[in-house]
Amino acid sequence: MEGPAGEDMDMELVGMGLRVSVSPAQTAFYIILVFLGIVGNATVILVIGKTVIMDRGGGRNSDIIIINMALSNLLVSVMRNTLLVISDTGLELYSSKEWCQFLMGVWVWLRSVNVWSTLFLSAFHLQTLRRVTPTTGNIHGPRGASSTLLLSLGLIWFLNFIYSIPAHVFSTSGNVNSTETLMLVSSTTRPLLGCVWNFPSAFSGLAYATTSMIIHETIPIILMAFTNLGSLYTLYTHGRMRSSAQDAPVIKRVPAERRAAKVILALIMLFIASWGTSIISVNYFNYNRGSSAEFLLVIARFANIIFIAMSPAVLAIGHRRLRSFIKSALSH
């Protein structure tokens with residue numbers, strides 16, 4: 001960590017403009033959300049992870065996907081949101097250029113993994129529902145993590161690491177007066193530890209932000225909406241088959257899967273609402289600096305944390321072991 005950079009740095013950065021202030025009430029609320037995100041997602045990982053480890057078959061594929069999503073949520077909270085809380089307490093810390101490049105790359109990487117991990121959960125549930133006659137009676141898929149599943153999760157982390165490389169290259173350290181004039185939903189809604197974007201020109205910065213918005217931020221949301229509509233339609237068709245195929249293994253599990261589908265649908269709707277709000281707010285800031293820009297950046301800040309903080313509660317509604325653990329913890 002270093003002190004504020006020299007005044008001459010201001011002329012080099014594509015990122016000196018709007019500084020967003022937050023009230024004490026907003027800070028307190030944000031701290032609560034960050035705490036819920038850390039505790040909730042850590043609980044999801046520990047409880048479901050214990051089930052996967054203790055299961056002789058290696059655990060259900062759906063549990064492994066949930067752990068992957070919760071892990072990305074937890075890492076975002078620890079690596080990014082806790083630092084925002086420290087900054088909000090008034091402690092001013094500034095990083096060197098090398099640390100800023102590392103941190104910006106990590107922040108983009110983790111947020112990107114978070115998006116695609118959530119989409120993967122939605123797509124997996126749709127694929128599960130469409131297996132009308134599985135070879136086993138387990139609609140959640142075979143026990144034990146398949147090599148295809150592990151490879152898919154590994155690709156999510158690897159490909160998003162590749163995507164985060166420009167964040168490592170085109171970022172630098174600012175100073176106490178540094179503010180952003182270019183933002184990415186997957187990275188930051190305000191300077192943190194003095195780290196700001198440093199693209200060669202405003203045009204190249206907007207080009208990267210636009211490409212990111214379309215390929216990485218908008219497309220996943222559209223795909224999530226379609227996969228959830230597909231899940232609902234599949235459940236509807238299964239429900240109509242119940243009267244004519246009472247003995248089918250999937251048909252017998254339709255009520256349970258309908259409950260699971262509702263939970264996953266609620267989870268994805270929560271993600272779409274929070275991520276979509278953040279996309280709209282940040283891109284309004286990037287392309288139209290109107291009088292509402294500062295207000296929308298505050299909205300974007302909270303929209304980024306809502307899903308991470310609330311998703312464990314949504315998962316607990318539909319996951320039996322999580323429900324049992326929470327009931328047991330509250331009863332003692």
Side-chain angles (χ1 to χ4, degrees), residues 37-79 109-131 134-161 220 223-224 227-228 230-231 234 249-250 253 256-268 270-271 307-326:
I38 294 174
V39 173
N41 286 286
T43 300
V44 170
I45 294 171
L46 291 175
V47 174
I48 301 181
K50 181 180 179 181
T51 301
V52 171
I53 293 173
M54 295 182 64
D55 192 325
R56 293 183 179 180
R60 291 174 173 174
N61 288 341
S62 57
D63 285 344
I64 295 173
I65 296 172
I66 290 174
I67 292 173
N68 179 73
M69 185 186 70
L71 177 63
S72 67
N73 285 342
L74 179 62
L75 289 175
V76 170
S77 292
V78 172
M79 294 295 295
W109 182 32
L110 294 178
R111 286 291 290 174
S112 304
V113 169
N114 190 233
V115 178
W116 291 99
S117 295
T118 307
L119 172 61
F120 192 82
L121 174 64
S122 179
F124 175 82
H125 188 254
L126 173 61
Q127 185 268 342
T128 299
L129 289 176
R130 288 187 170 178
R131 287 204 307 268
T135 54
T136 68
N138 183 9
I139 192 150
H140 290 280
R143 295 277 180 172
S146 67
S147 57
T148 301
L149 173 65
L150 295 179
L151 178 61
S152 299
L153 295 178
L155 281 175
I156 289 176
W157 287 85
F158 176 73
L159 293 178
N160 282 291
F161 174 76
L223 292 177
M224 286 181 204
T227 54
N228 276 276
S231 295
T234 303
V250 173
R253 292 186 58 94
E257 285 307 306
R258 183 176 287 111
R259 290 192 296 271
K262 289 180 179 179
V263 171
I264 293 178
L265 179 62
L267 190 69
I268 302 304
L270 175 65
F271 183 89
F307 173 77
I308 293 176
M310 301 305 297
S311 59
V314 176
L315 283 172
I317 296 174
H319 198 283
R320 179 173 56 84
R321 292 190 181 276
L322 272 178
R323 249 192 344 265
S324 299
F325 176 83
I326 293 175

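It should be emphasised that the depicted structure is a prediction, and the values quoted were computed from it without experimental measurement.
The distance from the NE2 atom of His319 to the OG1 atom of Thr51 is 6.5 Å, given to the nearest 0.5 Å. The structure places CD1 of Ile66 at 11.5 Å from OG1 of Thr118, a figure rounded to the nearest 0.5 Å. Of the inter-residue distances, the one linking Leu223 atom CG with Leu119 atom CG reads 5.5 Å to the nearest 0.5 angstrom. Between atom CE of residue Met224 and atom CG of residue Leu121 there is a gap of 9.5 Å, rounded to the nearest 0.5 Å. A distance of 8.0 Å separates OG in Ser72 from CG in Asn41, rounded to the nearest 0.5 Å. The structure places OG of Ser117 at 12.5 Å from CD1 of Ile67, a figure rounded to the nearest 0.5 Å.
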What's the verdict on side chain to side chain contact (heavy atoms under 4.5 Å, CB included) for Arg111 and Val76, showing C-alpha distance, side-chain angles and the deciding distance?
-> CA-CA 7 Å; Arg111 286 291 290 174; Val76 170; 3.8 Å; yes

Steps toward side chain to side chain contact (heavy atoms under 4.5 Å, CB included) verdict (Val44, Asn73) | CA-CA 11 Å; Val44 170; Asn73 285 342; over 6 Å; no

Show your reasoning for whether side chain to side chain contact (heavy atoms under 4.5 Å, CB included) applies to Leu151 and Thr148.
-> CA-CA 5 Å; Leu151 178 61; Thr148 301; 5.7 Å; no

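Taking Thr43 as the reference, nothing meets the side-chain hydrogen bond (donor to acceptor under 3.5 Å, both in side chains) condition, with sequence neighbours excluded. Residues passing the side chain to side chain contact (heavy atoms under 4.5 Å, CB included) test with Leu75, sequence neighbours excluded: Leu71, Leu110, Trp157.
Phe271 and Asn114 get closest at one heavy-atom pair: CE1-OD1, 4.2 Å. Contact detail for Phe307 and Leu267: the closest heavy-atom pair is CE1-O, 3.6 Å. Across all non-hydrogen atoms, the minimal contact from Ala309 to Pro312 is O-CD, 3.6 Å. Taking both residues in full, the closest heavy atoms of Thr227 and Ala123 are given as CG2-CA, 4.2 Å, listed atom of the first, atom of the second, then distance. Annotation for Pro220 and Val115: closest pair CB-CG1, 3.5 Å, computed over non-hydrogen atoms. In plain terms, the two heavy atoms of Ile308 and Ser77 that are nearest each other are CG2-OG, 3.2 Å.
Counting heavy atoms from C-beta on, the side chains of Ile65 and Asn68 never come closer than 4.5 Å.
For Phe120, the CZ atom counts as densely surrounded, since its 6.0 Å shell holds more than 12 non-hydrogen atoms of other residues, nucleotides or ligands. The environment of CZ in Arg323 is crowded: more than 12 heavy-atom neighbours from other residues, nucleotides or ligands sit within 6.0 Å.
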